[in-house]
Amino acid sequence: MAKKITYNKIDENLYEIPEDFEKGMNVPARFYASRNTLGIITNDNSLNQLINVAKLPGIIKYALAMPDIHQGYGFPIGGVAAFDYDGGLISPGGVGYDINCGVRLLKSNLQKEEVQNHIKDLTSMIYYSCPTGTGKGACVNVSEKELRKILQNGAGWAVKNNYGDSRDLDYIEDNGQLTADDSYVSKRAIERGKYQVGSLGSGNHFLEIGYVESIYNRKLAQIYGVRENDVVVQIHCGSRGFGHQVCTDYLKKLSSYINKNNINLPDRQLVYASIHSEEGKGYFNAMNAAANYAFNNRQVLTHYVRRSFEKSLKVLKKPVHLDLIYDITHNIAKIESHTINGKKKKLIVHRKGATRAFGPNHEAIPDKYKNSGQPILVPGSMGTYSYLLAGTEKAMQDTFGSSCHGAGRTMSRTQARKSFGANKLILQLSKKDIHLQAKSKKGVSEEAPGAYKNVNDVVNILNSSGLVEKVARLRPMAVIKG
DNA sequence: ATGTAC
């Protein structure tokens with residue numbers, strides 16, 4: 001029986017497991033929770049995983065967990081961990097299998113009332129032009145040569161090949177391109193990647209048409225360009241089989257590195273390497289290549305969503321366009337500079353099921369949003385609300401400029417399948433005027449809102465902690481799932 | 001998350 005985890009209350013919604021709680025911890029472990037979510041969080045293995053992360057060498061300040069934390073591979077999902085760049089620790093478990101899983105938000109020039117009567121046709125048009133589900137299926141099949149260009153150029157590949165506008169790139173985290181040497185990618189990953197360029201995938205990935213239901217902050221909403229009743233689209237997907245293969249490949253390579261260097265790990269799933277070693281450099285480059293694959297994936301899907309809107313809504317007899325508000329990543333490790341004890345320090349920040357949430361005036365934020373902080377997109381569970389938030393200076397100080405990525409599971413996929421029937425869920429959504437088009441019933445059951453925390457709670461925890469500013473809330477009209 | 005088992 002594992003020993004009971006004890007923690008101190010630091011602030012209204014912030015708890016800390018002290019450094020002396022368990023031998024080997026280098027820093028305390030901190031997690032954001034409310035009275036409501038505390039019981040859920042302590043119910044799985046995620047806090048033990050967070051304690052193990054706190055034992056890794058070179059970790060800075062604390063191992064952090066956002067309010068959507070749940071158990072993952074090695075590191076908890078909803079976790080943030082920053083490591084000293086000189087020590088150079090990088091770990092695939094701190095990123096996850098779905099490298100650069102992320103979400104983008106598009107805003108149309110249409111109002112809810114204009115789209116409502118055509119929602120089923122529109123959804124169907126998108127569903128048949130954007131492949132969903134596991135396995136092969138792509139908007140565009142590419143040769144190895146073209147795939148390698150995607151791995152190097154990210155979303156820039158899509159724009160260059162007429163899947164989007166060059167302005168789109170300004171509104172993607174890191175402009176949709178990270179530096180990557182694709183020679184570190186395995187042949188097998190390349191093979192899997194060729195047939196999934198422009199595909200949604202399955203699991204919690206989705207494509208959603210919705211509208212701006214309420215505005216919390218008029219000034220910020222104006223800067224981001226959203227008003228009540230505006231029709232919006234969210235695309236949530238990642239690097240598909242390509243990223244999965246990269247993770248698999250490097251877990252194996254880094255496991256050999258751990259053995260070769262006689263490193264003791266708190267958990268075998270926490271394999272890592274120094275980014276300055278050949279193995280670590282390899283993972284970093286392959287991970288960035290997968291991130292580029294995902295950025296490009298979301299960009300190609302955007303193109304087909306735009307074409308579907310134009311075709312399906314011809315009846316409106318007006319030009320229809322969708323502008324990208326922002327595209328944000330959920331699963332990645334990045335080299336960033338942060339102020340630690342008054343001094344600028346180069347860090348490797350792992351965000352797994354967590355997003356970047358930079359505050360106002362950060363150099364990485366597009367000019368248009370400079371004064372408002374970075375847009376943060378928090379999709380809720382299927383058929384519930386999603387949020388548009390803004391990063392704050394407090395997030396820079398307390399969480400290395402990070403926020404949560406969603407509602408966060410409370411139930412395993414298996415448990416959810418046993419607990420919720422797909423037909424009943426579809427009916428429940430339809431009663432709320434939400435149209436669902438899904439490839440598999442299994443997927444629908446696994447994604448039942450009852451298997452997730454309440455996204456309103458999660459967002460309010462971060463808001464009351466000062467880490468995010470609430471800008472707007474989105475309500476779904478139609479959801480496409482794998 | 002994932003050719004849900006190399």
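Order of the sequence lines fixes the chain letters, A, B, ..., with proteins taken first and strands second; residue numbering starts at 1 for each chain.
Arg240(A) has its CZ atom 5 Å from the P atom of dT2(B), to the nearest Å. Atom NZ in Lys439(A) sits about 15 Å away from atom C1' in dT2(B), given to the nearest Å. Taking atom NZ of residue Lys252(A) and atom C1' of nucleotide dT2(B), one finds them 17 Å apart after rounding to whole Å. The distance between atom CD of Glu191(A) and atom P of dT2(B), rounded to the nearest whole Å, is 19 Å. In this entry the distance linking CZ of Arg188(A) with C1' of dT2(B) reads 12 Å, nearest Å. In this structure, OH of Tyr195(A) is placed 18 Å from C1' of dT2(B), rounded to the nearest angstrom. The nearest whole Å value for the distance from the NZ atom in Lys136(A) to the P atom in dT4(B) is 14 Å. The separation between Leu251(A) atom CG and dC6(B) atom P is 13 Å, rounded to whole Å.
Within 4.0 Å of Glu446(A), counting heavy atoms only, lies no atom of the nucleic acid at all. Residue Lys442(A) is classed as a base contact, given a heavy-atom separation below 4.0 Å to a base. Residue contacts for Gly135(A): at a heavy-atom cut-off of 4.0 Å it reaches the sugar-phosphate backbone alone, with no base atom in range. When heavy atoms are screened at a 4.0 angstrom cut-off, Gly203(A) is found touching the sugar-phosphate backbone but no base atom.
Heavy-atom distances under 4.0 Å link DNA chain B to Arg413(A) of residues 403-420 of chain A, given in residue order.
For Tyr7(A) and Phe31(A), the distance between ring centers is under 6.0 angstrom. You'll find the ring centres of Tyr369(A) and Tyr171(A) inside the 6.0 Å limit.
Pairs of residues two or more places apart, or lying in two chains, that qualify as salt bridge (Lys or Arg N to Asp or Glu O under 4.0 Å) and include a residue from residues 271-290 of chain A are Lys260(A)-Glu279(A), Glu278(A)-Lys281(A).
Between Ser202(A) and the phosphate of dT4(B), there is no side-chain N or O to OP1/OP2 separation shorter than 4.0 Å.
Residues Asp44(A) and Arg409(A) are not paired through a salt bridge, judged by the lack of any N-O separation under 4.0 Å between the basic side chain and the carboxylate.
The backbone N or O of Val271(A) sits less than 3.5 Å from a side-chain atom of Ser91(A), completing a donor-acceptor pair.
His350(A) and Phe83(A) have perpendicular rings, their planes meeting at more than 60° on a 0 to 90° scale where under 30° would count as parallel.
Under 3.5 Å, the side chains of Gln299(A) and Arg104(A) contain a donor-acceptor pair of N or O atoms.
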